[in-house]
Amino acid sequence: MGIEVRHLTKSFGSFVALRDVSVTVHSGELVALLGPSGSGKTTLLRVIAGLETPDVGTVLFDGDDATRRDPRDRGVGFVFQHYALFRHMSVFENVAFGLRVRPRDQRPAEDDIKHRVHELLELVQLDYLGDRYPSQLSGGQRQRVALARALAVEPTVLLLDEPFGALDAKVRQELRRWLRRLHQEIHLTSVFVTHDQEEALELANRVVVMNEGKIEQDAAPGEVIERPATPFVSNFLGNVNLFHGRVQVEVHDEAGRPMPMELDGERSEAVRVIVGDRVYVRPRATGTP
Amino acid sequence: MDDAAGGRLMVGTRPVRRLTEPAVVRWLLTGLALGFLGLFLLLPLAVVFAEALRNGLGAYLDSVREPDAIAALKLTLLAAAFAVPANLVFGVAAGWAIAKFRFPGRTLLTTLIDLPFAVSPVISGMVFVLLFGRQGLLGPWVAEHDMRIVFAVPGIVLATVFVSFPFVAREVIPVMEAAGTQEEEAARVLGASGFQTFFRVTLPNIKWGVLYGAILCNARAMGEFGAVSVVSGKIRGETNTLPLHVEILYNEYMFQAAFAVASLLTLLAVVTLIVKTILERRMHGGH
């Protein structure tokens, strides 16, 4: 399902979280909302989910106005930053919740629920933990339960708020890879919020960079890096380039010849984005990595 | 003994490092604490039962089975039977509003909930007399409708509800605030209605807090003296609750009977405490 957001404005008291924000998410896309804290990215996600009502503006789902639609009727799956698992329910019951609360005439039979939940738990590789309670799980496992729970209602859109924010680096890497694979498999329209450039660049088809309630740039990951639209974008993404000095690698082109490596990376034959301890190298001519 | 053995084992390998105070200090502190506990908690409790049984079991049973005592017991249970459910519903509703929403007057409501704690019970009782008494604000209206509130059962129930009002809300608010609103939001996005969200997500999360509050509320409702004393009028067999009945007997120098009735209240309190302990254990052990 495609989502279109038009001229959204939302304020909390005197704080303006969103200022005239318009963005389109095409069906099947995986879009990252990237920005520092307080940039309005989570608010935008919550407006799409229906957890916040915008002051001004409209939200269209496949062209239909869904601005005032109740969250329960939107068909979205939402993965909360801190998972928000039901702590008094087992993993199985958490995943089954969305099916159990359906109106009686739409509720699947108990056997179907069981089947579906096991299927989802298998998908997130946690079928053996069905009887556990959230407090007995690790952060990464909780995250995957949250994902399975969100997918149980067969949403047409998946919204993820800082999905990997609270996890340690290794688990984050793993889950990120896993999420990308999942998206490749089921092509669910997905929007995720992150303040982590690496995450946005690695996962998303498109990155929407936000700052102070406004969209600074809305483009493919390569585009955002190569041609930052505003000083803010170049600054926000540029910060990572400060790591240059610590990295000791030789960069080769496809033919194996060493390539010149300038620290600012501005005018060399290749554009390098160095994030953390990793180096992305991309010839200028071809677009995406 | 265990410590001494452990200490000796250590000597051979490395110098003994004492992690605890010397035995004298430990015994002294423990003794002091236990002595205090005995003097101020156990001794009075024992005295209640000793005095109640001073003239033998027969006399004890006679004083407990006396009609006025039975009437007082019934009235006490009746007042609690009104106060606990009323404050349960109110407490959960108020806690829910205060913990999950931001609205104008929220701070005022929080303060108001504590009012019965802040005000002396005697004054709480006076308020009802001033409101519903013959000279009171609503007195004429009450008389017109041929009702009796003050110096009658309704007044006692009202006063009891008032003084035991904050317990459930007080217990529930912190639990709800700690739980946050994310689980409710998750439930909504997953398609749950308001009712389903409340009964399947909100209530299970706070159930131990609610029960704990209800128990404290019940203990206060049954034990309340001051406020009830003002509105009751102390008509024997009609508007006497157990605490009031104890006082009357005591003032009439019927010590054995007074203690016998007091032992009923004590037993109610002990039962309450046992239930509370079980609940606390479940609260910390369960999910």
Side-chain angles (χ1 to χ4, degrees), chain A residues 12-13 42 45-46 48-52 69-91 93-104 106-107 131-137 145-155 157-161, chain B residues 88 92 95-108 171-214 278-287:
Chain A
F12 300 97
T42 294
L45 197 75
R46 289 172 60 87
I48 294 172
L51 293 170
E52 306 283 356
R69 203 180 285 171
D70 195 282
R72 56 191 296 225
D73 303 323
R74 290 194 186 211
V76 298
F78 200 103
V79 176
F80 290 82
Q81 185 176 3
H82 300 291
Y83 325 127
L85 295 178
F86 305 125
R87 67 196 90 173
H88 60 284
M89 291 181 204
S90 66
V91 165
E93 286 303 324
N94 261 282
V95 178
F97 185 87
L99 302 171
R100 290 204 196 284
V101 295
R102 282 190 184 166
R104 192 155 295 146
Q106 296 166 34
R107 199 180 306 158
D131 297 331
R132 298 275 188 92
Y133 283 85
S135 60
Q136 297 167 308
L137 303 181
V145 174
L147 213 66
R149 183 180 68 175
L151 292 173
V153 291
E154 291 171 344
V157 180
L158 186 61
L159 305 171
L160 307 107
D161 186 7
Chain B
L88 205 65
V92 172
W96 189 64
I98 286 173
K100 309 272 181 189
F101 299 96
R102 298 283 172 275
F103 53 92
R106 184 174 165 269
T107 321
L108 186 71
E171 283 300 319
V172 164
I173 289 169
V175 182
M176 277 199 176
E177 273 177 348
T181 50
Q182 284 223 320
E183 286 183 46
E184 276 88 357
E185 288 185 342
R188 272 174 71 199
V189 175
L190 288 168
S193 68
F195 270 109
Q196 285 172 322
T197 305
F198 182 76
F199 285 107
R200 285 172 181 253
V201 177
T202 311
L203 207 54
N205 269 336
I206 60 164
K207 65 180 170 193
W208 298 119
V210 171
L211 280 172
Y212 190 63
I278 295 169
L279 277 186
E280 268 176 349
R281 219 170 269 163
R282 299 207 54 174
M283 256 162 106
H284 297 299
H287 296 287

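Remember, predicted model here, so these are calculated numbers, not experimental data. Chain naming here is simple, since letters A, B, ... match the order of the sequence lines and numbering starts at 1 in each. Only heavy atoms go into these numbers, but all of them, side chains included; no hydrogens, no water, no symmetry mates.
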Does any heavy atom of chain B fall under 4.5 Å from the side chain of Leu85(A), the backbone, both, or neither of them?
backbone

Stepwise, does the side chain to side chain contact (heavy atoms under 4.5 Å, CB included) test hold for Val189(B) with Val153(A)?
CA-CA 10 Å; Val189(B) 175; Val153(A) 291; over 6 Å; no

Is there a side chain to side chain contact (heavy atoms under 4.5 Å, CB included) between Leu45(A) and Phe78(A)? Walk through the geometry before answering.
CA-CA 9 Å; Leu45(A) 197 75; Phe78(A) 200 103; 3.8 Å; yes

Name the region of Glu183(B), side chain, backbone, both or neither, that has any atom closer than 4.5 Å to a heavy atom of chain A.
both

Which atoms of Ser193(B) are under 4.5 Å from chain A, going by heavy atoms: the side chain, the backbone, both sets, or neither?
both

Measure distances from Arg46(A) to the heavy atoms of chain B and classify the residue's part below 4.5 Å as side chain, backbone, both or neither.
side chain

Give, as side chain, backbone, both or neither, the part of Val76(A) having an atom under 4.5 angstrom from any heavy atom of chain B.
both

Is there side-chain contact between Arg200(B) and Arg100(A), with heavy atoms separated by less than 4.5 Å?
yes

What part of Phe86(A) gets closer than 4.5 Å to chain B, counting heavy atoms only: side chain, backbone, both or neither?
both

Going through the distances and angles, do Leu211(B) and Glu171(B) end up as a side chain to side chain contact (heavy atoms under 4.5 Å, CB included)?
CA-CA 9 Å; Leu211(B) 280 172; Glu171(B) 283 300 319; over 6 Å; no

Could you tell me whether a side-chain N or O of Arg69(A) sits under 3.5 Å from a main-chain N or O of Gly50(A), the two making a donor and an acceptor?
no

